[in-house]
Amino acid sequence: MKKEIKKDLFYLGVNDRIKHKFEALWPLPYGVSYNSYLLRDEKNVLFDTVDSDYSGLFFRNLKEALEGRKLDYLVINHMEPDHSGSISLLKTYYPEVQIVGNARTIDMLNGYYGITEGLVCVKDCDELPIGKRVLKFFLTPMIHWPETMMTYEPTGKMLFSGDAFGCFGSLDGGITDAQLNVGKYWNEMIRYYSNIVGKYGNPVQKALCRLAGLEVNVICSTHGPVWTEEENITKVISIYDRLSKCEGENGVVIAYGSMYGHTEYVAETLAYELSQQGVKNIILHNVSFTDSSYIIRDIFKYKGLIIGSPTYNNQLFPKVESLLSQIQGRDVKNKYFSYFGTFTWAGAAVKRLAAFTESGCFEVVGEPVEMKQGMFESVEENIRLLAKSMAEKIK
Ligand code: FEO
């Protein structure tokens, strides 16, 4: 069945509700879609393919949308295998197709699939006439690989954006935001951005500046709904803009490890005191139970971050250490940061958390709280002071 999004533009994508983890790392509670599109004109152009697990369905979609026409071009906006996985088979089924990409794409095509012929190499701002329409290419490296680019079609004001503006979540029936209840996608967009693209805030900012002059009526990304409603297009772009600048909403994430509940009690007390100070968005994550992708999502989403850990083998609790490493790997910045630690006979957690702040990416707020063994009035008072300092910054 062919799925026409608007005149001459067809959706060929597939839904993956089988994979447990995207990139073998990130849980997919709502699945994920791999989007591909066909634009019909005097020349017929395919934009990206899909994961090889879904090639069969994809080629059926392509054949139905072509309705016997020739496939002239494949434009590759992104080479990661969830989008390039069906290219080898495409060359087998459509040997005359010309593959359009930039120099880095072409290098990867050879490296991954041994394809060296039938290529059209484009540079930034190059144009390709396809009949009544013209395609214009914008190189947008590191969103999210070095070869990534976007393709703009000015007549329909369509932007084929690659991973940018994408999100987790399968497309259940509808394809466009006008056909779907999009509520479930917003938090999944933040989780997708923060975990997959989050390291590349500066390239995202550069790309957004370049796109600022373009009128866009349709965003065709490689994951999630096709965005067509003006208010959603504005919202999607503003989410990417805000997150890439690490601008958070009012709120505090408290991420903690706890073996026997003592460190958790500090976290709970801190949360209560923050609430007494008028902070309403307080998100507690026990690092042993919440998948780190949700913690990273919320760290990007909110302004305040407090991390707590017991001392474990004279180090941090391992799951807290792992979270710190993930934060560092994503270049998170512009957060208000506080920390606390607990110990039984020799405290190391607070020292290690203090060392974490030395990168200077965060503004340290208040005095860290350290608790030996159990809760005493003096510790409670320190928690109260820390909560007050953080609340003042957040508000
Ligand atoms: Fe959806 Fe970077 O691949």
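Atoms within a ligand are numbered from 1 in the order they appear, just like the ligands themselves. Any value given below was found using the heavy atoms of this structure, including those in side chains, with hydrogens, waters and symmetry copies removed.
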Can you tell me if Asp177 uses its side chain to pair, donor with acceptor, with the backbone of Trp227 under 3.5 Å?
no

Does Thr228 use its side chain to pair, donor to acceptor, with the backbone of Val218 at less than 3.5 Å?
no

I'd like to know if Lys43 and Asp41 make a salt bridge, using a cut-off of under 4.0 Å between side-chain N and carboxylate O.
no

Tell me if a side-chain donor or acceptor on Arg330 pairs with a main-chain N or O of Gln326 at a distance below 3.5 Å.
yes

Protein-side N, O or S atoms sitting under 2.8 Å from atom 1 (Fe) of ligand 1 are Asp82 OD2, His83 NE2, Asp163 OD1, His223 NE2

Could you tell me if Thr222 and Asp163 have a donor-acceptor pair between their side chains, going purely by distance under 3.5 Å?
yes

With a 4.5 Å heavy-atom cut-off, do Gln328 and Cys361 have their side chains touching?
no

